[in-house]
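Just so you know, ligand 1 is whichever comes first in the structure, and atom 1 is the first atom listed for that ligand. As a basis for the values below, the full set of heavy atoms in this structure was taken, side chains included, without hydrogen atoms, waters or symmetry mates. Quick note: residue numbers are just sequence positions, from 1.
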Amino acid sequence: MHTTVERTDRLRGALRMPGDKSVAHRALILGALARGMQTIEGLPASEDVASTASCLRSLGCRVDVDAGGRARISSRVRLNGEELFAGNSGTTARLIAGLVAGRDFVCTIDGDESLRRRPMGRIAEPLALMGADVETSPAGTLPMRIRGGGLTAIEYRPPVASAQVKSAVLIAGLRAEGDTAVVERVPTRDHTENLLAAMGAVVDRSPGRVQVSGGAELRAIHVRVPGDISSAAFFIAAAVLCPDSEVRIVGAGVNPTRTGILEALGAMGADVSLENVETSAGEPIADIVARSSALRGTDVAGPVIPRVIDELPLLAVVATQAEGTTTVRDAAELRHKESDRISAIVENLRLVGADIEELEDGFVVRGPTRLVGGRVSSLGDHRIAMAMAVAGLRAGGETTIDGSEAVGVSYPGFFRDLESLVA
Ligand code: S3P
């Protein structure tokens, strides 16, 4: 499927985002381990979250989701010997691996072609250190067979900054003998520890370290999933880039481990502000208001990277319209996402006339440039499709995005919502 985006001079309106994908995966998975019936409100209709629900059903849980995004998890995991299919979702594969490792189960986890290319050694290693028997393909990828149970606690220092690795270890740690800790050099998103604490796990946190005690039972709660800031980022960037624009995103999650994009845009001179800030189940939520802005280049590197990792392709698009040079470094992890996001964004932005140079661990963009319309490809990656749609709003003529159906992985209604803002 392809979608065409036209140059646009004015975006106006208010939108509520689909629920945060990261929070939704965790609300489902931890709900499947809890005593009682976990209820969730604001579950996104994304394919990735559906993959988590489907893995849990394969594990014998009853997961009911209605059309309004309300979900109930009414029985706990119990089945053994299952084949679990994680689709395109790295979070599903890695967090479910942590769950299975803690049980006396044998399961095989597999995924689609893109997920089969992504590294799984990073979770196989700590889970094996805890005592699970984990076998990946020789390349360290899916399919991965796990025989779990009989775990002992470890203190783990992940060699890569990854919330998925941290979460897999903590979820396995719920079933380990003793206290399992993860020590991070650079902080990553902390939704797992927030939810574990809200559900009654024994969680001990200090800067750079989180510990969970084995054996404590989780208590089911009601989780209100905030709007996904990683989805909101596309409209925030679009409003900042288009003249005569103002867009309000209502009820977005603004957990500080996720707001690196707001900081980077702020450093570029973007007019973005937060209103109506509140907190729900440990997660801060706010309205985000973005307006047309004159932008300058910036440098993004170091500890902020995990807090902006999913928004970096979009930042490259924004940088094409900023005065001066924008450099992103320390982001080699981008090469291990749904696509190699460094080469994907460089290739696509060059096709529409941007001045962008590829680095091993990032990119350099020189702006501002006049983008030209043309034909680009999502390369099967939802965030590349949406980033190029934003580029298309500023390019002359029409921009056609091949493989635009990829947006369904996180945001099936993306193009409809974008259309609704075109005044
Ligand atoms: C996620 C963590 C990040 C992010 C991904 C979702 C999560 O990946 O890129 O989209 O929900 O934990 P890593 O933790 O592997 O960097």
Side-chain angles (χ1 to χ4, degrees), residues 18-30 43-44 46-49 51-52 55 86-99 111 114-115 117-126 140-142 156 158-171 182 184-196 210 223 225-226 228-234 253 255 257-261 283 303-315 330-342 344-345 361 381-384 386-387 406-407 409-411:
D20 187 285
K21 202 154 70 72
S22 289
V23 174
H25 286 298
R26 289 155 170 84
L28 287 168
I29 291 171
L30 297 182
L43 201 77
S46 79
E47 288 160 20
D48 271 9
V49 171
S51 292
T52 288
C55 286
N88 190 245
S89 173
T91 311
T92 305
R94 297 188 177 116
L95 272 57
I96 293 276
L99 180 156
S114 147
L115 191 54
R117 285 193 293 267
R118 297 176 64 185
M120 293 296 151
R122 56 180 62 190
I123 51 160
E125 183 193 281
T141 52
L142 298 181
Y156 191 62
V160 286
S162 166
Q164 296 177 356
V165 172
K166 172 174 63 177
S167 302
V169 172
L170 293 176
I171 291 169
V182 178
E184 294 186 299
R185 260 176 301 148
V186 181
T188 62
R189 64 191 67 191
D190 63 358
H191 308 297
T192 301
E193 37 278 54
N194 288 345
L195 197 54
L196 281 171
V210 53
V223 182
V225 182
D228 199 326
I229 189 167
S230 293
S231 300
F234 297 102
N255 178 317
T257 62
R258 297 284 298 283
T259 48
I261 183 64
E283 293 288 341
V304 72
I305 292 294
R307 303 193 297 112
V308 64
I309 189 79
D310 291 337
E311 289 68 64
L312 290 173
L314 174 67
L315 199 69
D330 304 325
E333 268 298 301
L334 280 179
R335 296 196 182 273
H336 305 294
K337 298 296 179 185
E338 287 83 330
S339 67
D340 172 342
R341 285 184 174 157
I342 296 180
I345 200 66
D361 64 346
D381 185 330
H382 56 132
R383 298 207 198 278
I384 297 297
M386 293 186 275
V407 302
V409 158
S410 59
Y411 196 164

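- In this structure, atom 14 (O) of ligand 1 lies nearest to the protein heavy atom Ala163 N, 2.7 Å.
- Asp361 contributes a side-chain N or O that, together with a main-chain N or O of Asp330, makes up a donor-acceptor pair within less than 3.5 Å.
- For Thr188, the closest heavy-atom approach to ligand 1 does not fall below 4.0 Å.
- Remark: ligand 1 atoms within the under-4.0 Å shell around heavy atoms of Asp310 are 4 (C), 5 (C), 9 (O), 10 (O).
- Dense packing is recorded around CZ of Arg335, with more than 12 heavy atoms of other residues, nucleotides or ligands lying under 6.0 Å away.
- Side-chain atoms of Leu30 and Leu196, non-hydrogen and from C-beta on, do get closer than 4.5 Å to each other.
- Evaluated by nearest non-hydrogen atom to atom 1 (C) of ligand 1, the leading choice among Gln164, Arg94, Glu311, Arg341 is Gln164.
- Below 3.5 Å of separation, one finds no N or O of Ile309 facing any N or O of ligand 1.
- A distance-only check finds a donor-acceptor pair linking the side chain of Lys166 to the backbone of Arg189 [under 3.5 Å].
- Nearest to atom 15 (O) of ligand 1 by heavy-atom distance, out of Ser162, Gly90, Ser22, is Ser162.
- Going from atom CD1 of Ile123 over to atom CD of Gln164 covers 8.5 Å, rounded to the nearest 0.5 Å.
- Here the side chains of Ile305 and Val186 are not in contact, with every heavy-atom distance at 4.5 Å or above.
- Checked for salt-bridge contact, Asp190 and Arg307 miss the test: no charged N lies under 4.0 Å from a carboxylate O.
- Considering Arg118, Arg189, Lys337 only, the shortest heavy-atom separation from atom 2 (C) of ligand 1 involves Arg189.
- For a threshold of 3.5 Å applied to N or O pairs, the pair formed by Arg122 and ligand 1 contains no separation below that value.
- For atom 7 (C) of ligand 1, the choice among His191, Arg26, His25 with the nearest heavy atom turns out to be Arg26.
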